[in-house]
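Numbers for residues simply follow the sequence, beginning at 1.
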Amino acid sequence: MEDDKSADQHVIAAAHHLVKALKDSTSLSDEVRRTLADLDIRLAAMNEAKEDETTSFREIEGRFKSAQAKIMSLQSNCLKLWDTGPSNQLLEYLQNVEEVRSIIVSLESMVPNKNRKQSRLTNQAHSVLQIAMVRLQEEVINILAQSKQCFGHAYVSFHSCEEIVVDEETMVSIEDDSIEGTSCLDSSRAESEECIIMDLVHPGVVPYIKSIADLMFASHYVQEFCQVFIRFWKDALYEYLGLCCMQQISIEDVLRMDWASLNCRIKKWRQATKNVIAFYLPSEKNLFDQILCEVGSVSSTCFIEVSKDAMMCLLNFGQAVAIGPLLPERLFCLLDMYELLRGLCQDVDALFCEKHGNSIQVEYHELMKKLGDSAKAIFLGLGNRIASNTSTTPFQGGGVHPLTKYVINYFMLLSEYYVTLRFLLEEREVENSGEVVDALVRLDISSEFPCPLALHLQSITSRLESNLEDRSNLYKDDSLKHIFLMNNIHYMVEKIKNSKLRTCFGDEWIKIHIVKYVQHEKSYERKTWNSIISLITGYEKSGKAVLKERCRNFSIAFEDVYKNQTGWTIPDIDLRADLNIAIGLRVVHAYRTFAGQVRKSLSEKHIKYTEEDLEEYLLDFFQGSAKSLNHHWRR
């Protein structure tokens, strides 16, 4: 290169002398003289530029050798630069790599020449830069690994999977006073979580990572930085999902799970989904924006690349649950999942608003719709399930039937989802309003609350009443039929009127059904006691023989009723007490009058039971434990 520069300078000098010689000529015109003067100035400037370029190249070459030596010296250290202290070797390394990068810019901005030394130096600088970029990739991973913060324990905790599993057995056996607010529901399920930004790495390392990113981007190593950055955070997110017990599982495996296992898995899914969308991903996006936001759409591209697989893992599990069998016990989990996704909609829309995140957004909203549709289908199918639940055997004892407990306790849990269910059902437009009116009349449903939820709850209850009426007809004893219907309708009324569902049924429905069970109570009294009481009334003109026969027949009839009806059951203590009092008022009062008359005509031995005996024996009725009276006649 020196030879080329020397030759160029000789040519310029020769031209300069030639111009001076021509200017000394006396035969030149003024215009030619001005042209030669201008050319003389230009040749002088060219000569100076050549000298400056030579000096500049030597300076660049010196700077490169100095930076190269420092880089290679630090490169040879077995320890990572960050491990020696962030303010020392790493910063020195970054400064020297930046020097090499700026040297490359200077070399590439110089006018190319035929000399190979400039090209050779440029290639050497690129080689050193490439080595440095590989090292910086390793440093990024090392810094992130050492400074990654543990995502707070509050965001990886779960409710015990030993919580109540909502199934038929649970609905029938669950205690009456523990239905609403029972622990089988997550009390926080419908609460929208406020987005909380966590520090995924120690805040102090962010400027250093950003410096590395800026340097690699300026050096046109964008892809190389993003590759290691994405890989690290994708692994970190999968590790977090592992802590949440949400490893990848196929749709087929989900569909094969037994209900208890699936119910437990759904609880973990809800917690993991809430944590990932409401806390983890916003924190991750915030970190990405701090480091990458100045480079076009790189930040959002990296964020979506990191999060899409984890999001699809969560969404695929939800899809598997949504397409599962439409069984009643699944409704509460589907509603929980739907409420969760609906509550997180704004977060998802904000996280994946970019065009390349649209597919995740679409999948999310499709899953939410499927969950809502499945929940609606289960709820709307409850009436048919109840109607098809038939039996040919009467329910022993005439107590509250398990189907009644199941349906009403199911309603109690549904009351916790009142707003969501109403929203889902009101989305479903009724095409023919005339059909709705006909249904109200046909099913004897109150139109006081015409919203779809109230309509369907009352419709289901009407199906239940029809089912119970059919079951009551299986009893051979009409009295027991009325006890059975009284028990079941009373159970329905008491549970509904003291719950949130009262707003769906209304006071009119409650009044009507109170009248219904009171009517069955009165019908029982007539069927059982009218004929017995008739044995001890209307005796005023009877002789002693007739009175003796009446005493004997009453005792036999009472013993027969006692033997049967002590085995019947009225589970509600107050209802049982009220009926016992009503029976006592009629029977004991009539018997007291009769016994008094008998004592006037016959001896005491003909009266087998005293009034006090009857009062005591009546308390044994409806306890669910059959007893017999084996007393002998008094002597």
Side-chain angles (χ1 to χ4, degrees), residues 137 140-141 143-145 148-149 151 155 193-201 206 209-210 212-214 216-217 220-244 246-249 269-320 337 340-370:
Q137 284 180 292
V140 167
I141 295 174
I143 295 170
L144 290 172
K148 188 177 73 163
Q149 305 277 69
F151 205 53
Y155 304 104
E193 297 285 351
E194 183 180 352
C195 177
I196 299 176
I197 303 299
M198 311 290 291
D199 289 323
L200 297 185
V201 296
V206 173
I209 299 173
K210 179 169 173 51
I212 295 175
D214 290 344
M216 292 186 72
F217 288 1
H220 306 295
Y221 280 79
V222 176
Q223 184 176 351
E224 286 75 7
F225 177 86
C226 292
Q227 184 179 10
V228 296
F229 199 67
I230 289 170
R231 186 172 70 243
F232 178 87
W233 287 113
K234 186 177 282 192
D235 291 344
L237 185 49
Y238 267 111
E239 179 185 346
Y240 180 69
L241 285 181
L243 291 175
C244 296
M246 280 308 301
Q247 296 84 355
Q248 189 79 32
I249 183 171
W269 178 89
R270 282 168 38 213
Q271 189 72 47
T273 301
K274 180 174 69 175
N275 290 349
V276 167
I277 294 175
F279 307 119
Y280 194 98
L281 291 184
S283 302
E284 189 174 74
K285 193 172 192 303
N286 178 64
L287 176 65
F288 283 31
D289 286 344
Q290 288 182 64
I291 295 171
L292 306 172
C293 65
E294 296 176 4
V295 194
S297 61
V298 171
S299 176
S300 60
T301 302
C302 288
F303 170 74
I304 290 166
E305 188 64 29
V306 166
S307 58
K308 67 179 181 182
D309 287 347
M311 282 295 295
M312 292 311 300
C313 172
L314 294 171
L315 296 178
N316 287 340
F317 177 83
Q319 292 280 3
M337 294 170 74
L340 175 69
L341 295 191
R342 190 177 173 207
L344 294 171
C345 263
Q346 290 184 348
D347 297 295
V348 170
D349 291 343
L351 289 168
F352 302 103
C353 58
E354 303 290 341
K355 184 178 180 180
H356 36 283
N358 182 252
S359 61
I360 297 175
Q361 204 175 8
V362 169
E363 289 276 353
Y364 184 92
H365 285 275
E366 285 182 356
L367 171 58
M368 187 171 69
K369 185 178 185 304
K370 284 183 181 178

Distance-only side-chain donor-acceptor flag, Y240 / N275, under 3.5 Å: yes
Is the shortest side-chain heavy-atom distance between L292 and F229 below 4.5 Å? yes
Using 0.5 Å steps for rounding, measure from the CD atom of Q271 to the SG atom of C244. 7.5 Å
Say you draw a straight line from CZ of F288 to CG of N286; how long is it, rounded to the nearest 0.5 Å? 11.0 Å
How many angstroms lie between SG in C353 and CD1 in I304, if you round to the nearest 0.5 Å? 8.0 Å
Minimal heavy-atom distance between A213 and I291, with the atoms involved, is CB-CG2, 4.0 Å
Taking every non-hydrogen atom, the tightest pair across L237 and L281: CD2-CD2, 4.1 Å
Distance, nearest 0.5 Å, that separates CG of L341 from NZ of K370: 13.0 Å
Check this for me, if you would: do E239 and K148 make a salt bridge, where the nitrogen-to-carboxylate-oxygen distance has to be below 4.0 angstrom? yes
Where do V276 and P282 come nearest, in terms of heavy atoms and distance? O-CD, 3.9 Å
Got a second to check how far I360's CD1 is from M311's CE, nearest 0.5 Å? 6.0 Å
Is the closest side-chain heavy-atom distance between S307 and F303 below 4.5 Å? yes
L344 and K274 have their tightest heavy-atom pair at CD1-CA, 3.9 Å
4.5 Å side-chain heavy-atom contact, L315 and E363: yes
If you count every heavy atom of other residues, nucleotides or ligands that lies below 6.0 Å from H365 atom NE2, does the total exceed 12? yes
Taking all heavy atoms of W269 and all of L314, pick out the closest pair and write down the distance. NE1-O, 2.7 Å
Exceeds 12 heavy-atom contacts within 6.0 angstrom, atom CD of E366: yes
Any side-chain heavy-atom pair from K234 and E305 closer than 4.5 angstrom? yes
Can we call the ring centroids of F352 and Y364 under 6.0 Å apart? no
Could you grab the distance from atom CG of N316 to atom CG of D309, nearest 0.5 Å is fine? 10.0 Å
Cationic N near anionic O, under 4.0 Å, D289 to K285: yes
So, do E284 and W233 sit near enough that their side-chain heavy atoms are less than 4.5 Å apart? yes
Do you know the tightest heavy-atom contact between S283 and M198? OG-N, 2.7 Å
Donor-acceptor pair, distance only, cut-off 3.5 Å: does the side chain of S300 make one with the backbone of S297? yes
Can L367 and Q319 be said to form a side-chain contact (heavy atoms from CB on, under 4.5 Å), step by step? CA-CA 6 Å; L367 171 58; Q319 292 280 3; 3.9 Å; yes
Is it true that Q290 and K210 share a donor-acceptor pair across their side chains at a distance under 3.5 Å? no
Compare all side-chain heavy atoms of Q361 with those of D349 and state whether any distance is below 4.5 angstrom. yes
Does Q137 use its side chain to pair, donor to acceptor, with the backbone of E224 at less than 3.5 Å? yes
